[in-house]
Amino acid sequence: MSEYNPREIEKKWQDRWKKENIFKVEMDTKKEKYYILEMYPYPSGKLHMGHLRNYTIGDSFTRFKRMNGCNVLYPMGYDSFGMPAENAAIDEGANPEEWTDRNISIMKSQQKSIGLSYDWSREIYSHDPNYYHWDQWFFLKMLEKGLAYRQESYVNWCDKCVTVLANEQAQGGKCWRCNSDVEQKFLTQWFLKIRDYADELLDGLDTVEWPEKVKIMQRNWIGRSEGSIIRFPIVGEDRTIDIFTTRPDTLYGVTFMIFAPEHPWVRDWVKGTEYENEFEELYNEVMKEDKFKRTDLEAEKKGMFIGKYCINPMTKEEVPVYISNFVIYEYGAGAVMAVPAHDQRDFEFAKKYNIPIKIVIQPFDYEISVDKMTRAYEADGVLVNSEEFNGMANRNAINVITEKLDKMRMGNATVNYKLRDWGISRQRYWGCPIPVIYCNDCGTVSVPYEDLPVLLPKDVKFTGKGNPLETSESFINTKCPKCGKPGKRETDTMDTFIDSSWYFFAFCDPPRPEFEVFPYRKEVVNYWGNVDQYIGGIEHAVMHLIYARFFTKVARDLDLHKFDEPFQRLLTQGMINKAHPYCPKCDAFAMRAEMNDETCKRCGTKYVLKSVKMSKSYGNTVSPEEVVGKYGADAARFFILFGASPEKGLEWSDQGVSFAFKFVSGLWSLFLDSDMKKRSERNVNDELIEYQLHKTIQLVTENMNKIAIRDAINEIIQFVSNLRVYKINSVIEELFKSCQEYLLLLLHPFIPHITEELWEKTGHENLLSLAKWPDYNKDFITEENDYKWKLMNNTIDDIKSIVQVLKEKEINTIKLIIADEWKYDLFSIFMPLTEKTKNQGEIMKEIMKNDNMKKYGKEISKIIGNVLKNIGGYSKTLLDAKSEKQFFEDIKANVKQKFECEVEIFLEKEIDESKAKQALPGKPGIIIQ
RNA sequence: GCAGGAGUCGCCAAGCUUGGUAAAGGCGCUGGACUCAGAAUCCAGUCUCAGAGGAGUUCGGGGGUUCAAAUCCCCCCUCCUGCACCA
């Protein structure tokens with residue numbers, strides 16, 4: 001027998017698959033298509049365990065589907081625009097494009113080393129001009145349809161670095177490079193009207209098979225709420241502020257208005273007034289605040305009166321206008337009506353600034369008063385102080401008041417969404433340029449389609465200050481496509497979520513220079529699309545998955561394809577964790593530098609091991625490269641798939657990997673070590689192994705259809721251990737070989753290399769990768785076989801537990817006693833009864849109706865008591881006394897071998913011992929001597 | 001703050017959808033076989049008690065529903081994840 005050498009055989013089969021080009025797929029309307037996609041990676045430079053897990057899950061499922069006869073589309077590409085490349089340029093003077101290309105080639109070779117069965121001919125790179133050409137095309141189409149527009153919005157800004165900061169660069173309100181305070185700065189930016197699709201995005205969730213938690217997150221993110229718009233005229237001006245509220249029933253209780261400090265009207269109002277200085281101070285303070293903190297219910301509410309008044313459209317009263325940090329410009333109108341009596345935050349604000357409080361809702365069963373209130377009353381009640389609406393239940397008043405406002409043309413019912421339009425402008429170089437030119441005469445002008453793509457220029461400087469694109473004269477200065485006079489290009493690039501919003505369609509028909517009019521051919525995408533199974537991290541539950549859904553709907557409306565939803569089924573994989581030193585006293589994990597210490601540096605407490613997410617800062621990462629190098633790709637895949645269910649967290653453990661390796665290499669001897677006893681006469685073991693085999697095929701198939709990969713593998717492991725036992729005893733060669741063959745088919749999706757090698761070594765000439773998934777034979781999976789299998793194992797377990805209690809006594813003989821016939825009759829009456837009731841009295845009464853049971857009354861009562869106590873342990877009996885005896889005769893040899901002693905089988909009446917009386921159907925009496 | 005998820009033997013992890021033997025499987029540990037010895041492999045044990053297959057205790061904590069709860073309902077605690085977020 002040769003030795004298992006993973007490195008050698010993995011290379012061999014990877015080369016062979018590549019040479020024969022077996023994973024390349026073409027459109028074929030005669031075959032059932034299936035599209036499996038993993039979220040394409042950002043090429044950060046190295047594969048990490050999360051990637052390995054993602055791809056291993058996807059590849060196993062792909063191989064399973066392929067063996068089931070599907071025409072499987074399984075592509076790979078790279079989300080290659082993004083900040084790390086630009087940071088490398090700033091920090092190390094790297095060229096972003098070269099840096100990215102180099103990373104891609106490293107990652108690709110690592111991916112290839114784990115045997116993933118991609119159709120590599122369909123690769124996509126976001127930074128490929130042939131690809132981002134169509135980002136720009138989509139943008140222009142949206143501009144034409146009025147789905148793209150420009151608006152002011154604020155960004156994180158570091159004044160020292162003169163640059164915009166991403167949220168992750170502005171953590172804790174400090175700039176990551178220079179540690180100075182982050183401010184909020186207004187910039188004019190491009191937005192996409194995702195809100196136009198809000199309702200459809202909500203409804204579409206009912207048509208996809210996604211984890212319920214992801215759907216819930218998206219519903220909350222879209223945040224549809226029904227309410228009213230109420231128009232408050234502004235004193236001394238013609239305009240109104242149209243605020244949104246879900247509580248128009250409290251309109252009579254409005255005692256002031258609150259604007260967001262960054263609302264543009266506010267600055268105009270205070271300009272040149274006594275409020276100006278205080279406003280500027282407050283404004284600057286608020287602009288430095290963390291946005292989460294601002295809306296925290298517990299956070300300090302800061303505000304001021306700004307000398308302005310609005311008019312309550314219903315009462316015509318003038319109410320003062322305040323500004324406060326807890327009102328945010330982006331939501332609704334950027335201003336709210338304040339009802340201190342019935343809103344806790346308004347209440348706190350009013351108390352702090354001595355603003356009047358007016359109760360307009362009284363609880364149904366008691367009375368509240370302004371003097372005694374310690375918090376706002378937010379629950380339901382009856383309207384008071386509300387003129388004609390007094391006495392009305394507030395829930396009803398919501399509609400009635402809105403209708404009246406509508407008649408007065410001072411408001412209307414409306415639907416509001418938390419979902420905000422998608423700001424796509426980024427002040428960065430390494431992204432897709434927005435194809436727009438600004439002309440002094442013609443204004444904002446689209447780049448003509450025939451001039452696409454607008455290429456990223458190469459003559460840029462990476463200084464860490466400002467947008468590098470602004471340093472490229474050749475890029476900025478251009479001609480206006482309309483009038484031909486000098487114009488300036490937009491220097492903002494697109495959010496990289498744009499790239500990932502349609503790449504799944506591009507894989508169906510990858511972009512080529514010769515495509516001129518559309519990004520892909522409709523009939524090709526309609527064949528392959530949509531994605532049948534999408535696999536990726538839970539961290540994308542909201543943003544990426546909602547943007548991609550939005551793009552899908554926009555593209556459908558552009559008649560590019562027929563799909564409403566991009567991803568039919570979704571699997572969100574769990575994270576990878578690893579045990580790491582942890583100090584229970586400080587409640588902190590050791591950092592990278594301390595990870596080899598025994599005690600905590602801060603308090604001296606002894607570290608304990610605790611599981612935590614793998615990350616660079618803890619230094620507890622394990623590189624896939626290392627693991628594959630040491631144990632081989634198959635063992636690495638096996639560990640990852642068996643360690644935890646795909647959607648759960650997976651704990652990395654070195655022992656786990658070495659088990660995986662042992663299991664995989666153990667297959668080698670199971671298949672190739674031909675030392676075994678052969679026989680030609682069938683016995684009960686053949687029957688049982690056949691039953692096991694078909695049962696396993698059935699369970700593995702069912703589990704794989706659900707992508708319950710771990711459960712599938714678990715079944716296989718148990719079958720392998722049964723097959724080992726079968727082999728050690730004695731085999732019918734033909735049957736053993738067929739078990740081997742089936743086993744390779746079942747294992748192949750998970751560990752493709754070794755199975756392919758063993759397939760060849762056991763005499764097959766075709767490629768296992770292209771073999772057909774086995775069907776199971778229902779004839780073997782009978783209830784009777786199920787019952788026999790359990791009967792045998794339960795009996796052996798019982799013997800074991802008796803032997804254990806007996807401690808060291810030597811065993812000479814095991815007597816198995818089959819129960820008297822009347823007990824079988826009893827069970828056939830009794831077991832069906834337990835499905836109706838578990839009440840012993842009722843059951844006894846029912847049984848005693850049978851005359852031939854009466855004489856055993858006392859015994860029956862005892863039996864039934866015991867069985868009911870442990871009802872799950874007994875199943876419907878399927879054998880009568882005679883066939884049960886026969887079965888025990890059949891397995892006698894097995895028991896004999898197991899316990900190395902004599903085994904005798906008796907009928908209850910043949911033996912006169914009290915222990916014999918314990919015999920029950922499906923539970924023979926046992927006497928050990 | 002809002003939203004989502006998780007807590008089951010020493011460790012990892014099934015079971016929860018559909019209430020009915022809790023702990024499958026792996027790791028680790030203990031004993032045995034084989035070895036000069038170790039490694040590997042195989043066998044047995046691994047919540048507690050037990051000289052007969054039994055009894056008892058247990059699924060983060062506390063209540064409740066039920067003949068029966070890890071599973072269903074309510075409250076609380078701890079941990080993790082995401083965020084453009086109250087109107």
Side-chain angles (χ1 to χ4, degrees), chain A residues 153 167 211-214 216-217 219-221 223 225 227 243-247 258 291-299 326-328 330-333 335-339 343-346 416 418-423 537-543 574-575 577 579 587 609-613 639 642-645 647-660 662-663 666 669 710-711 713-715 717-718 721 724 728 794-795 797-809 834 837-840 866 868-875 898 915 918 923-928:
Chain A
S153 169
N167 282 335
E212 206 49 42
K213 61 177 175 179
V214 176
I216 292 169
M217 280 193 238
R219 286 193 190 107
N220 290 331
W221 184 264
S225 68
I243 62 96
F244 174 80
T245 180
T246 53
R247 294 296 303 273
I258 312 173
K291 277 189 215 165
F292 295 142
K293 282 229 177 90
R294 271 179 76 177
T295 56
D296 188 335
L297 277 173
E298 307 294 314
F326 75 81
V327 174
I328 301 235
E330 291 110 318
Y331 190 84
V336 298
M337 66 180 206
V339 186
D343 181 284
Q344 183 59 21
R345 264 176 316 193
D346 297 349
N416 199 41
K418 272 195 218 165
L419 180 70
R420 303 206 318 239
D421 279 342
W422 178 10
I538 184 75
E539 67 273 18
H540 292 297
V542 182
M543 299 181 82
M575 286 187 308
N577 304 316
D587 185 26
L609 287 179
K610 192 174 161 177
S611 182
V612 68
K613 172 172 84 172
F639 165 71
F642 180 59
S645 301
E647 55 282 348
K648 294 288 176 68
L650 169 68
E651 168 103 354
W652 182 268
S653 89
D654 294 332
Q655 284 103 342
V657 188
S658 75
F659 163 73
K662 272 188 249 173
F663 179 84
S669 61
R710 186 178 179 285
D711 301 327
I713 292 181
N714 209 358
E715 296 300 334
I717 290 178
Q718 291 180 43
S721 91
R724 278 222 180 83
I728 288 165
N794 288 344
T795 306
D797 285 349
D798 279 348
I799 298 172
K800 273 190 204 165
S801 74
I802 296 169
V803 168
Q804 209 192 328
V805 175
L806 289 176
K807 301 214 166 124
E808 293 153 57
K809 286 194 182 164
T834 61
T837 174
K838 302 284 190 296
N839 182 311
Q840 190 170 349
N866 281 333
L868 282 178
K869 247 191 290 179
N870 208 348
I871 185 68
Y874 297 83
S875 56
K898 181 104 195 163
K915 287 190 186 82
Q918 291 181 11
K923 198 169 167 64
I926 299 167
I927 297 174
I928 298 176

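These values consider heavy atoms only, across backbone and side chains, with no hydrogens, waters or symmetry-generated copies. We name chains A, B, ... by the order of the sequence lines, and we start the count at 1 in each one.
Base pairing analysis places B/C2 opposite B/G82; the two distances defining the Watson-Crick or G-U wobble pair are each below 3.5 Å. Pairing for B/G25 is with B/C12, a Watson-Crick or G-U wobble pair whose two hydrogen-bonding atom distances lie under 3.5 Å. Pairing for B/C42 is with B/G32, a Watson-Crick or G-U wobble pair whose two hydrogen-bonding atom distances lie under 3.5 Å. Of all nucleotides present, none satisfies the Watson-Crick or G-U wobble test against B/G19 with each distance under 3.5 Å. For B/G53, there is no paired nucleotide, since no Watson-Crick or G-U wobble pair has both relevant distances below 3.5 Å.
For B/A22 and B/G56, the C1' atoms lie 15 Å apart once the distance is rounded to whole Å. Spacing between B/C9 and B/C75 at atom C1', rounded to whole Å, works out to 28 Å. Rounded to whole Å, the separation between the C1' atoms of B/U46 and B/G61 comes to 28 Å. With both ends at atom C1', the span from B/A24 to B/U8 equals 13 Å, rounded to whole Å. Taking the C1' atom of each, B/U71 and B/C59 are spaced 10 Å apart, rounded to whole Å. Across B/G25 and B/C77, the matching P atoms stand 38 Å from one another, rounded to whole Å. A gap of 24 Å separates the P atoms of B/C79 and B/C73, to the nearest Å. Here, B/G15 and B/G7 have their P atoms 10 Å apart, quoted to the whole Å.
Between the P atom of B/A33 and the NZ atom of A/Lys898 lies a distance of 18 Å, rounded to the nearest Å. Atom pair A/Glu647:CD and B/G5:P shows a separation of 14 Å (rounding to whole Å applied). Distance A/Asp654 CG to B/C12 P: 15 Å, rounded to the nearest Å. Following rounding to the nearest Å, A/Lys915 (NZ) and B/G54 (C1') show an atom-to-atom distance of 13 Å. Taking atom NZ of A/Lys800 as the reference point, atom P of B/U46 lies 10 Å away to the nearest angstrom. Note: CG (A/Asp797) to P (B/G45) measures 9 Å, nearest angstrom.
Under the side-chain contact (heavy atoms from CB on, under 4.5 Å) rule, A/Lys915 has a single partner from A/Ile926, A/Ile927, A/Ile928, which is A/Ile927.
Taking the side chain of A/Val327 as heavy atoms from C-beta on, and the options B/A87, B/C27, B/A14, the nearest nucleotide is B/A87. Checking B/G53, B/G26, B/A40 against every side-chain atom of A/Phe642, the shortest atom distance belongs to B/G26. Side-chain proximity of A/Gln804 to B/A52, B/G45, B/A14: nearest is B/G45. Considering only the side chain of A/Ile926, B/G53 comes nearest among B/G53, B/U46, B/A87. Taking the side chain of A/Ser645 as heavy atoms from C-beta on, and the options B/A44, B/A14, B/U41, the nearest nucleotide is B/A14. For A/Lys923, counting side-chain heavy atoms from C-beta on, the closest listed nucleotide (B/A52, B/G4, B/G54) is B/G54. Each of B/A13, B/A50, B/C27 was ranked by its minimum atom distance to the side chain of A/Ala644; first place goes to B/A13. The side chain of A/Gln918 approaches B/A52 more closely than any other nucleotide in the set B/A40, B/A13, B/A52.
Taking the six-membered ring where tryptophan is involved, the planes of A/Phe639 and A/Trp652 are perpendicular, since the angle between them exceeds 60° and thus also 30°.
Toward the 5' end of RNA chain B, the nearer of the two residues A/Met337 and A/Arg724, judged by each one's closest nucleotide, is A/Arg724. Projected onto RNA chain B by closest heavy-atom contact, A/Lys662 and A/Lys213 fall at different nucleotides, the more 5' of which corresponds to A/Lys213.
For B/A87, the base has no donor-acceptor partner in the side chain of A/Asp343 [N/O atoms by modelled type, under 3.5 angstrom]. The base of B/G25 does not come close enough to the side chain of A/Asn714 for any donor and acceptor atom to sit less than 3.5 Å apart.
Regarding contacts with the backbone of B/A52, every side-chain N or O of A/Ser801 stays at 4.0 angstrom or more from both OP1 and OP2. For the OP1/OP2 pair of B/A87 and a distance below 4.0 Å, the side-chain nitrogens and oxygens of A/Lys418 include no atom meeting the criterion.
Looking at heavy-atom distances under 4.0 Å, A/Gly423 makes no contact with the nucleic acid at all. No contact: A/Ile243 has no heavy atom under 4.0 Å from any strand.
Ion pair A/Lys923/A/Asp798 flagged as a salt bridge, since at least one NZ, NE, NH1 or NH2 atom sits closer than 4.0 Å to an Asp/Glu carboxylate oxygen.
Partners of A/Phe244 by ring-ring contact (aromatic ring centres under 6.0 Å, His included), not counting sequence neighbours: none found.
For the pair A/Thr246 and A/Ser225, the tightest heavy-atom approach, listed with the atom from each and the gap, is CG2-OG, 4.3 Å.
A/Val542 is not listed as a side-chain neighbour of A/Asn220, based on a closest heavy-atom distance of 4.5 Å or more.
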